[in-house]
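Only heavy atoms go into these numbers, but all of them, side chains included; no hydrogens, no water, no symmetry mates. Please read all numbers here as calculations on a predicted model, not as lab measurements.
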Amino acid sequence: MIWKRILFLSCFMAFVLLANLKKKIFLQDSDAANFFKKRGKRSTKSWDELNMENRQQLRADEHRREYYEEQRNEFENFVEEQNDEQEERSREQIEQWRQWHYDGLYPPYLYNRHHI
């Protein structure tokens with residue numbers, strides 16, 4: 001029988017604690033209704049408004065940073081592909097030039113050519 005009383009008291013205490021926490025966490029109806037209302041131009045902003053603006057600014061900065069990082073990565077990939085293609089073309093041209101001008105000597109340089 002004692003265990004039932006202990007269980008009942010612990011459940012009741014948990015209920016009371018949760019009710020108190022709910023009052024602290026959530027805004028009252030009147031405060032919630034006035035939260036987004038216009039305030040006077042000269043009045044100071046509330047901490048809630050300042051925190052909200054800071055969070056929005058940080059979120060916008062993060063989106064901007066991600067966008068520019070993505071753009072930079074795409075451009076770097078494009079430039080790298082262009083450089084690779086240019087290197088491949090020049091390598092092919094050099095190889096064709098070497099095959100055309102090969103004189104059978106090793107190394108096939110101009111100073112190895114024998115002129116008669």
Side-chain angles (χ1 to χ4, degrees):
M1 204 61 177
I2 291 179
W3 65 272
K4 288 183 180 179
R5 287 183 183 170
I6 294 173
L7 181 65
F8 176 74
L9 285 176
S10 63
C11 289
F12 181 73
M13 290 299 291
F15 178 76
V16 169
L17 287 174
L18 288 175
N20 286 339
L21 285 177
K22 182 180 176 185
K23 289 178 184 176
K24 292 179 182 177
I25 292 174
F26 296 106
L27 292 174
Q28 297 295 326
D29 292 339
S30 60
D31 294 339
N34 294 331
F35 185 74
F36 289 110
K37 282 189 176 175
K38 272 293 224 193
R39 58 181 172 75
K41 290 184 179 180
R42 303 186 122 217
S43 66
T44 59
K45 294 180 180 178
S46 68
W47 284 107
D48 294 329
E49 285 179 303
L50 291 172
N51 288 336
M52 185 74 69
E53 286 181 6
N54 284 339
R55 273 188 253 130
Q56 287 176 344
Q57 188 65 35
L58 290 174
R59 195 175 308 123
D61 290 344
E62 182 67 24
H63 287 307
R64 191 178 305 112
R65 192 177 307 116
E66 289 174 359
Y67 172 77
Y68 284 120
E69 183 179 357
E70 183 179 338
Q71 293 294 319
R72 186 178 63 243
N73 288 339
E74 288 179 6
F75 181 71
E76 286 176 356
N77 290 340
F78 172 75
V79 169
E80 187 176 350
E81 288 177 8
Q82 291 292 102
N83 289 340
D84 289 346
E85 290 176 4
Q86 181 64 34
E87 288 173 7
E88 180 69 22
R89 285 194 296 271
S90 70
R91 189 187 63 75
E92 289 175 355
Q93 289 174 352
I94 291 171
E95 186 66 28
Q96 289 174 357
W97 186 90
R98 285 182 179 165
Q99 287 177 356
W100 176 259
H101 293 284
Y102 183 64
D103 56 359
L105 300 174
Y106 184 82
Y109 298 126
L110 292 175
Y111 61 81
N112 278 340
R113 298 197 175 181
H114 301 287
H115 300 287
I116 302 176

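Under the rule for a salt bridge (charged side-chain N to carboxylate O under 4.0 Å, His left out), the partners of R65 that lie at least two apart in sequence or sit in another chain are E62. Evaluation of the side chain to side chain donor-acceptor pair (under 3.5 Å) rule for R64 yields D61 as partners, not counting sequence neighbours.
Atom CG of residue N77 and atom CD of residue E74 lie 8.0 Å apart, to the nearest 0.5 angstrom. Residue Q99 holds its CD atom at 12.5 Å from CD1 of I94, rounded to the nearest 0.5 Å.
Judged as a side chain to side chain donor-acceptor pair (under 3.5 Å), the pairs with a partner in residues 79-90 (not counting sequence neighbours) are, in order, Q86-R89, E88-R91.
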